[in-house]
Each structure stands twice: as C-alpha cells, then as structure tokens.
Amino acid sequence: MPGLHKVKVELNRFDPEREEPHYKQQVEVDLQAESTLLDILLAVQEKIDPSLAFDFGCRFKNCGLCGIMVNGEPRLACLTKVKGDEEKLSIAPLENFPVVRDLVIDRGPFWELFEKSEPYPSDGETPIDVIPEMNIFAEFSKCRECLLCMALCNQFGNGGANFGGPFIFVRLAQLYLDPRDKQDRVSQALSLGIDRCRDCGGCSCRFGVPIKKAIDILLEG
Amino acid sequence: MDVLDCDVLVIGGGGAGVAAAVAAAEEGAGVMLASKEPVGYGNTKLIGGVIAILPQAEGAHEAFLKDIAESAEGINNEEITKVLVNGSVRLRDILEDKLGVFLGRDEEGNFPSKAVIKAGGHSQARSLIIPGKGQALSLSLRGATAKYGIEILNDAMAASLLCHEGKVVGAVFLDVKHGKTYAVLSRAVILATGGCCWLYYPFTDVSRTTTGDGMSLALRAGVELRDMEQIQFIPFGITHPKSMMGILCGEPYTAGPRGKLLNKNGEKVLKDVWRKTRAEVSKAIILEAKKGNGGPHGGLFLDLQDNKEDPEGAFIYDQYTKGALRDLGEVVRFSYGEKAFHWDEPWEVYPTAHYSMGGVKVEKDGRTSKAGLWAVGEVTGGLHGANRLGSVSLTDIFVLGSLCGKNVVEAIRSERTPEVPTEAVSEELEKVESMRGRQGKYSPRDLLRRLQDVMWEKVGPLRDGTMLEEALSEIRELGEKAGDISVSPYRLCNTSWRDALELRFMLDLAECTALSALLREESRGSHLRTDYPSRDDNNWLRSIFVNHEKEGEITADARST
C-alpha cells in the first residue's frame, strides 16, 4: 500500500444535550496519499469517535448529502481532496441551516418552504414537444440539490424564514421556462424576496448551474 | 405515544416509492411517504438515466419480453415481465404528466429518435436517454409529491411492520436524526426501499441507505424472498481513494476491442474482455487478485491506450471523454488523474456490487402473500431473474410503481381503517426504544463491517460450496453476537441506534443470500460457482425462495419461477 501520512483536523461539533453545546475537537487521522475529506470523516467515525455525526450517501458527487463547511467554505466532503500539506483543516456544519448534531443539518423546514413554492409544472397534462430554451433548462437540471449555494448565500441566512434562496430560485426559473407550467413564477419569486438578489451577486454553484441567469430570468422575464 | 394514520403508507422515497404514492393519491387515497433520506436522494438519482421504452417497431412487445427472459437466463417471472412490457406504453404519461419530467418528442410525436439507443443485451433500440438523467428525475420527484399532496415523513427509517389479525396495518419508525420513534397506521403498506447491495460495502456503488430494509421487513412478516443469490456485480469499480472504493467506472464493453486487463506483472488476464459478461470479468479479476497478482490497491489494471488506434475503440474513447459515457470518465479523472482519464496510462479496477435482482416475492399487481403488504422496485424479485437487463430498472420503478399504487387503492376501497389495539403498537415502539442505551459486548458497527467482509470474501462474485458454508456459519455467529450489542444512550443522530437496526436487516439478507447461493448448485446469471461452473437447465430452471420460519430459522427451497 502507498505510504500513510497524518492529517490534523479541527471538528466544530455540536450537541444540544451537552452543557456546552458547541465545542471543538482536534483529531489526527492516518490517511493514504490520495484521500478525500469524506475519508477523514469516515476514519474518525470508524476509528476515533463513533459519535461523530455526518451525512453522506453516494460517495461521489451525485447525491448532494455530504455538504459541510471547510475552512469557512461550503464544500462536498466527497469531492474535496486532502493531500496532507494543508495548513489548516477546520470542518463545520453547512451554514444557514439549523444543526441537529455535529455536521448534520435539518433540511425539514427548508423542504416545507420549497414545497410551498409549488415546485412542479402546474399544468402537467399538456404534452410538449420541446422546451424552447432547452440549453438553459438543461443547465438548471445539473442541480445536485446539495444546498451548498444556500450556505454561501448572503441573504438566506439573514433573510428570515421566507427568503427563497438560490436553490428555490433556480427551480422556479426552470419552471418558468417549462411550457407546461402556468403559474406566475415571477410573482412567486418576488414574494420569496428575490428583489434582494438584485445587487448582491454573491452566489455560485459548485456544478456550474447558472444561478445568476436564473435570477435574471425571474427578475427580468 | 405518537401515532399517525393514513390510507396508504409508502416506505421509500426513490422513483418506485414516489410513482406508487402519486398513483395512489391520484385515486383519492390519503398517502404518507416515509424516506430515510430526502425524497429523490437515493439510487434513482445515481443511475445512468437511461430507461427502456416500447418502440414503435414490428414485434416490439415480443422482442422486449424475449430480451428480458434471455438476460434473466430463464428464471424471471413471466407474468410480471408481461405487465412491465405492456405497461411501458404508459411511460410518457407517468413521467411527463404525473411526475413532471421532460422527455421531449419528434415531429411524429415519438420519443426523439436521437435519444433512443440500442443498449447492451437489447435486440432493439429502446433505451431512452432522459434529458438531465438521474438529477433531473430526482428534482422532479419531490415536486410530484407536493403536487399530489403526499405527506412526507422525513428522516424516517422503518423499524418494523405492524401486523394485526394476519394483516399488515402500518409500521413503526425511527427518525434517526431527531431520535424520535412513532407509528403509522394504514390500510395498506407499500415497500419501495430498494435493494441490499450495502451488504458488500465498500465494494459497491450504491447509496449508503441501500441496506435492504424492506426485504427484511417483508421476510419477518412471513413473506418469501426469491432469487437472493443473484447480485449484479460490475467488474470495473474504483479502488482508491478509499472513500470512492466501488464507484462504477466502466463496463466490460467500455474496455473496447483493444483494451487489456493486466495483473501487476503486466500479464494479460482475460482475452476479449469487452465481449465477456459482467459476471465473467468480475470473477476473473478476483481470481487473479487472490493469487497475489493484484495492484497496490488490490485490483487489476485496465490498459485502454491501444483503443485509440481502432475505429470502434476510438469511438468508445470519445464517448468516455466527451459523450454519453462522460460520467464514468469523470470518476476516473477525479480519482486517477488526467492521464488515466485520457487512457494514456493503465488504471486499477476491482468489481463492485450494483443491483439486487432478488427480493420480495410479489404477484403481478404488486401484492405480497401477506394481506395489506405490497412491494415495488428493487426491493422485489422476479422481474430480472438471474440478471437485470440494462435500463429496465427505471422502467420497473415507474411502470410497476405506478400500477402498484393504483392497484392498492382498488384493493382497499371496501376496507376500513384498522382498529389496532394500542398495546400492540406501544409494544413495537418499545422494542425500538429499548435498543437505545443497551449495554452489551459488541459494537453494531464492528459487526456490520465484519458481516460486509464475509459477504464480499465468501458470497461475492466468486463462490463455492465451502466458502458459502463458512459464510453461513460466520453470519449466524454474528447473528448471535448481535443479541449482545452496545448502543449509545443519546437521542440525536445516534448512529449506533441506526446501525443496530440495519445490522438486524442485513444479517437476515446475508443469510438469505448465502443460503440461496449454497442451494443453487450451478452457475447462472450473476451467480458463479467455481465448484459448479456451468449452467444446468435440467435441474435449475427454477427460482430459490427463502422463508423466515416461526422459530426464527431461515429456510430455502427451489420451485418453478
């Protein structure tokens, strides 16, 4: 086997059942030369501290469950390589979401907001041959639902409970382009606070979904 | 005590579960859908995004039936296969109108011909590439549940089924995240929990949640499982980094006409790799690695470089780097780098568990032998026999899922909501609650990992009678240890609590798989025995069914399919 090396990691943990719910844990993990942050989390849970809670699903890129903050940046643990020469590796739960424990966030309230936006083609019974702007529509389909964009969003965290955020705006823009949909997605987006995106421009997507394009479509029609 | 109720309870939030839930809701039923992960985040999202449809061609029905039976090597259930093929004409209606997926069509109103390909094992072009693939499907699934007013139970892991007067009348759940247990009473339960390939972790490409929950729940409710020995292994999975072990990075065909499978000494291991079956190549890799001829990460090497000088090989290379196989290429690029991605250097591969052909025995309408209990999708067995034909699993979940949802409502129309004694419910809830904080000798995680090792080593792509007997006794030994486990006392995100439940499910399925594999003294489909290397149609054109006897023993017998 290729040589092992040691990696130091800072885990920002959370346990509401503790007297001091937020605490930091420093761990040192033996890793192979080519590793990912998911390797680190798995190694900690399997060998150092089984109580460390985190989510993962597919182990490469597709499911969108392993989003975390790495040195303050939202990343997917499975897609973040660790070489061992990093000056600092500080891991925390995805920002802007309620944390259940350690790195596990509660998506429940967010799904409720999402479902309120009626995220389906409202008149699905009408058959369609083509989607006129298929290229942009297809770009929006690349969304992995990882919610990293929501963690990066300046407004979602501060905007109170009813701010939609990039994930929902991309879905609304996609429906706006779908000829089967008869809902007024522009009004919906406005009521979800998209106005606040006008001068922000702080969003981006790890998978290249053109979030700004989605916002433009909804703001300008 | 927390008790909810509904008409139809669907367990599983992938394509099968959502299709069934939507169809049931459309018939007017009040539907709840329970899912361990957010709806749509499971294996439906990870698939290649190609779905078998019925083309407008001469003899399309018969050809489709024949292809499935040939791939299944004769042990698929014909009735279920017919329902699937007949029902596949409704796919556009289900996917576009009901679920909100977009498929597109050409001037004649057919599926766009450019998107319909002739996939491996198919005699006709009938595999439609869905625009946006699994991601697009996934995005639509949650939307569809909102459209039809289906109530979602998030983070809900089914711990047991509630039975009353010989009928399934609901289920008990653990919300692992929030540490809550509750019961749902219903007039019918549909299992749509998917397969059990997590039995082979880390040598698998499936989602972590694929722990076979529904198969074990059905088995313990007295329903037979069938074809459990048939696990689809694909020869080319990633070997490193460790977190990506088992992720799919190719098929025999993608080795191309000039691709070579090499051991660590650079010796060719198998001829004409690209013309061999998945099972044959998987077996060859493991046999060679067992001789000590594997690479630094335990696999063999694929050397694909010479393909670039062959027209067909170059075509596959283009597909890998720029075309329809790009997703596989990206896996190679991320784990092994640019040179490997461009086939300029050999890279390591090792087999991986991909799909469970076996599962809950169902009738053609989706019902099981137990009143009130239905099942659909990968959790069932029968459609795929000994080997699943590519792109049929999506047809399965959407066509049969949708039919199952409709049939359930038809069946329960005349029935009332069951009156289940509260003591029976609280007793089941207490069983789950009492696991938490249990102090025993063994960690459920350790037992799980040991179980997975045994499954890969002895019930994997390479099997013989001795290995299988050893496996059975080790599995049973682990089963005994599972009665003496430690579970952490805290409530929130208590992984050991979840592990304890999943361990129980997976022990059942491991035993079923090993027992069925031991009984089938021949090689067929995905089940290859080195001590019985050939297919034996005189004796084995039958399926193997397993039963959970009242005394807790699991038994197997072979009958016609």
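This one's a predicted model, so the numbers in the text were calculated from it and none came from an experiment.
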Under 4.5 Å from any heavy atom of chain A, what part of [X] do you find: side chain, backbone, both or neither?
{"X": "B:T209", "result": "neither"}
{"X": "B:I152", "result": "side chain"}
{"X": "B:T204", "result": "both"}
{"X": "B:V101", "result": "backbone"}
{"X": "B:R449", "result": "side chain"}
{"X": "B:E107", "result": "neither"}
{"X": "B:S138", "result": "both"}
{"X": "B:Y336", "result": "neither"}
{"X": "B:V331", "result": "both"}

Determine the interplanar angle of the A:F56 and B:W198 rings, folded into 0 to 90°, and report it as parallel if under 30°, tilted if 30 to 60°, perpendicular if over 60°.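 Judged by the thresholds at 30° and 60°, the geometry between A:F56 and B:W198 is tilted.
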
Should the pair B:F102 and A:F137 be assigned to parallel (<30°), tilted (30 to 60°) or perpendicular (>60°) ring geometry? perpendicular

Take atom [atom1] of [X] as the centre, draw a 6.0 Å sphere, and report whether it contains more than 12 heavy atoms from other residues, nucleotides or ligands.
{"X": "B:E338", "atom1": "CD", "answer": "yes"}
{"X": "A:K8", "atom1": "NZ", "answer": "no"}
{"X": "A:K213", "atom1": "NZ", "answer": "no"}

What distance separates [X] [atom1] from [Y] [atom2], expressed to the nearest 0.5 Å?
{"X": "A:S141", "Y": "B:I130", "atom1": "OG", "atom2": "CD1", "answer": "11.5 Å"}
{"X": "B:M244", "Y": "A:C58", "atom1": "CE", "atom2": "SG", "answer": "9.0 Å"}
{"X": "A:D106", "Y": "B:D155", "atom1": "CG", "atom2": "CG", "answer": "6.5 Å"}
{"X": "A:R101", "Y": "B:H178", "atom1": "CZ", "atom2": "NE2", "answer": "13.0 Å"}

Does B:R142 make a cation-pi contact with A:Y120, if we ask for NZ or CZ under 6.0 Å from the ring centre and within 45° of the axis? no

Side chain, backbone, both or neither: which part of [X] has a heavy atom under 4.5 Å from chain B?
{"X": "A:I128", "answer": "both"}
{"X": "A:S117", "answer": "neither"}
{"X": "A:I40", "answer": "neither"}
{"X": "A:L37", "answer": "neither"}
{"X": "A:F54", "answer": "neither"}
{"X": "A:I105", "answer": "backbone"}
{"X": "A:V104", "answer": "side chain"}
{"X": "A:C78", "answer": "backbone"}

Winner by heavy-atom pair count (cut-off under 4.5 Å) against chain A, out of [options]:
{"options": "B:H240, B:E330, B:R92", "result": "B:E330"}
{"options": "B:S335, B:G40, B:G132, B:G100", "result": "B:G100"}
{"options": "B:S243, B:P241, B:G143", "result": "B:S243"}

Specify which of [options] makes the most heavy-atom pairs with chain B at under 4.5 Å.
{"options": "A:D15, A:D102, A:D178, A:L79", "value": "A:L79"}
{"options": "A:A138, A:G57, A:P119", "value": "A:G57"}
{"options": "A:R107, A:R171, A:E118, A:Q174", "value": "A:R171"}

Run the ring-ring contact (aromatic ring centres under 6.0 Å, His included) test against B:F111 and tell me which residues pass, sequence neighbours left out.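 ring-ring contact (aromatic ring centres under 6.0 Å, His included) list for B:F111, sorted by chain: empty.
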
Set of ring-ring contact (aromatic ring centres under 6.0 Å, His included) partners for B:W497, sequence neighbours left out: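 With neighbours one apart ignored, the set is empty.
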
Taking C-beta and beyond as the side chain, do [X] and [Y] meet within less than 4.5 Å on heavy atoms?
{"X": "A:L65", "Y": "B:R208", "answer": "no"}
{"X": "A:K61", "Y": "B:F334", "answer": "no"}
{"X": "B:L139", "Y": "A:C143", "answer": "yes"}
{"X": "A:R59", "Y": "B:D205", "answer": "no"}
{"X": "B:L46", "Y": "A:C63", "answer": "yes"}
{"X": "A:P16", "Y": "B:L492", "answer": "yes"}

Does this structure show an ion pair linking [X] with [Y], if we count only N-O contacts that are shorter than 4.0 Å?
{"X": "B:K177", "Y": "A:D55", "value": "yes"}
{"X": "A:D39", "Y": "B:K242", "value": "no"}
{"X": "A:E46", "Y": "B:R445", "value": "yes"}

Would you check, one step at a time, whether the test side-chain contact (heavy atoms from CB on, under 4.5 Å) holds for A:S51 with B:Y490? CA-CA 10 Å; A:S51 76; B:Y490 56 85; 3.3 Å; yes

Check for a donor-acceptor pair, side chain of B:Q135 on one end and backbone N or O of A:N62 on the other, with a separation under 3.5 Å. yes

